[in-house]
Number of protein chains: 4
Amino acid sequence: MSDTVGIAGGQIRAFIERIEHIEAEIAELNEGKKEVFAEAKGEGFDVKILKEIIKLRKQDQEERDEHDTVLDLYMRAMDEDEKAPAKKAA
Amino acid sequence: MSDTVGIAGGQIRAFIERIEHIEAEIAELNEGKKEVFAEAKGEGFDVKILKEIIKLRKQDQEERDEHDTVLDLYMRAMDEDEKAPAKKAA
Amino acid sequence: MSDTVGIAGGQIRAFIERIEHIEAEIAELNEGKKEVFAEAKGEGFDVKILKEIIKLRKQDQEERDEHDTVLDLYMRAMDEDEKAPAKKAA
Amino acid sequence: MSDTVGIAGGQIRAFIERIEHIEAEIAELNEGKKEVFAEAKGEGFDVKILKEIIKLRKQDQEERDEHDTVLDLYMRAMDEDEKAPAKKAA
DNA sequence: AACGTTGAAATAGTTC
DNA sequence: GAACTATTTCAACGTT
């Protein structure tokens with residue numbers, strides 16, 4: 001029975017280590033990102049804005065329009081309500 | 001149709017204001033925390049250590065929960081394995 | 001000497017408990033927030049958008065304009081560069 | 001003046017693209033992780049438990065670091081106390 | 001007082 | 001669609 005444990009243990013260990021290795025690589029790349037942003041900041045750029053651009057580029061154009069439309073709708077509704085409170089049952 | 005907007009606007013405004021009210025209360029409490037820490041510091045205590053202690057006390061509770069979860073998980077896994085002992089001598 | 005520890009210990013305990021009490025209140029309020037959002041969701045509103053509105057309202061209007069200007073500037077600069085790459089030394 | 005924009009635009013574009021490139025690599029590695037987990041699952045292992053183990057191993061390391069930090073913190077606090085024994089018999 | 005560092009909170013994505 | 005995990009964002013803190 002110790003064999004069973006041994007074999008499975010070896011496999012488990014192998015899987016675990018493969019994952020941990022990949023995660024180490026990801027961590028390195030994230031370090032790299034930090035460095036790039038630090039460099040950009042050193043050049044005088046606004047890092048927050050850069051991140052925002054990256055996010056926007058990731059978004060599909062359609063989604064962006066859809067999102068803006070809904071946001072605009074909600075804010076207009078609120079504004080309307082402030083100007084003319086409670087004409088609900090007109 | 002402006003009615004529709006008006007009604008929804010009122011609801012939106014109400015939800016937003018409830019949230020903003022709650023967040024204002026939270027902000028006050030956070031001010032309170034800062035004051036307590038400032039007072040402790042004034043008494044000569046090391047604020048960083050106090051925070052560590054608080055953190056550890058939180059962790060203790062969480063880890064106890066976590067521990068139970070993992071233990072449960074492992075025991076289930078063992079049970080599964082017993083039911084389907086699998087592939088060993090393949 | 002046990003007195004020193006005792007006295008300080010009492011004070012430490014008191015500070016810790018005051019903080020933990022405040023944090024418990026904050027946790028409750030956060031629960032309250034969750035409930036409000038859940039209720040809004042139940043009414044058919046888009047919680048994500050509501051959160052965005054709250055964030056926007058927190059921002060000062062000037063900051064918001066400034067932010068939009070800079071974002072726009074950066075994106076235009078990038079677009080310009082894409083259309084007319086490297087006429088730098090003209 | 002369009003030159004100024006052009007130059008900055010080029011820099012902005014370059015930073016953005018460097019980040020996007022890094023993020024693409026990270027995305028690939030995450031794909032790799034998924035494949036490893038899928039393979040493990042194919043071998044009959046419980047992926048959830050594997051993830052638990054990985055998490056625990058990370059925590060162990062972090063806690064060791066944390067432990068050292070806290071220990072250091074406490075010892076320094078003791079030293080401080082020795083230098084300024086303070087207020088006892090006031 | 002600006003800067004980077006760190007820790008906590010919010011948000012997004014993923015899985016069941 | 002609900003819960004959980006992972007990522008990203010924001011705020012506090014000490015440091016220079």
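Order of the sequence lines fixes the chain letters, A, B, ..., with proteins taken first and strands second; residue numbering starts at 1 for each chain.
Comparing B:F37 and D:E52 along DNA chain F, the residue whose closest nucleotide (by nearest heavy atom) sits nearer the 5' end is D:E52. Where B:E31 and A:I26 each meet DNA chain F at their nearest nucleotide, the meeting point lying more 5' is that of A:I26.
Within 4.0 Å of C:K58, counting heavy atoms only, lies no atom of the nucleic acid at all. Looking at heavy-atom distances under 4.0 Å, C:K51 makes contact with sugar-phosphate atoms alone, never a base. Among the atoms of the strands shown, none is found under 4.0 Å from any heavy atom of D:K33.
Going from atom NZ of C:K41 over to atom C1' of F:dA3 covers 11 Å, rounded to whole Å. In this structure, the CG atom of A:D46 is 13 Å from the P atom of F:dT9, given to the nearest Å. Note: CD1 (C:I22) to C1' (E:dA8) measures 17 Å, nearest angstrom. Computed from coordinates, the D:N30 CG to F:dT5 C1' distance equals 12 Å when rounded to whole Å. In this entry the distance linking CD of D:Q59 with P of F:dA6 reads 11 Å, nearest Å. With rounding to whole Å, A:L29 atom CG is found 17 Å from F:dT8 atom C1'. Atom pair B:L50:CG and E:dG7:C1' shows a separation of 16 Å (rounding to whole Å applied). A straight line from CG of B:L56 to P of E:dA8 spans 11 Å, rounded to a whole angstrom.
Picking from E:dT11, F:dT8, F:dA12 the nucleotide with the shortest atom distance to the side chain of D:E23 gives F:dT8. Minimum atom distance to the side chain of D:K34 is reached by E:dT15, of the listed E:dT15, E:dG7, F:dT5.
Using a 4.0 Å cut-off between charged side-chain N and carboxylate O, A:R13 and A:E17 make a salt bridge. Between D:E20 and A:K58 there is no salt bridge, since none of the side-chain N atoms of the basic residue sits less than 4.0 Å from a carboxylate O of the acidic one. Salt bridge status for D:D68 with D:R64: absent, with no side-chain N to carboxylate O gap under 4.0 Å. Between D:E52 and D:K48, no side-chain nitrogen of the basic residue sits less than 4.0 Å from a carboxylate oxygen of the acidic one, so the salt-bridge criterion is not met. Salt bridge annotation for A:K83-A:D79: absent, with no cationic side-chain nitrogen under 4.0 angstrom from a carboxylate oxygen.
For the OP1/OP2 pair of F:dA6 and a distance below 4.0 Å, the side-chain nitrogens and oxygens of D:K55 include no atom meeting the criterion. Within the structure, every side-chain polar atom (N or O) of B:K48 is placed at least 4.0 Å from both OP1 and OP2 of E:dT6.
One end of the helix from E:dA1-F:dT16 to E:dC16-F:dG1 points its axis 10° away from the other end's axis, with each axis taken from 5 pairs and the angle rounded to 10°.
Shown here for C:Y74 and A:D46, the closest heavy-atom pair between the two residues is OH-N, 2.9 Å.
No side-chain donor from either of A:H67 and A:Q59 sits under 3.5 Å from a side-chain acceptor of the other.
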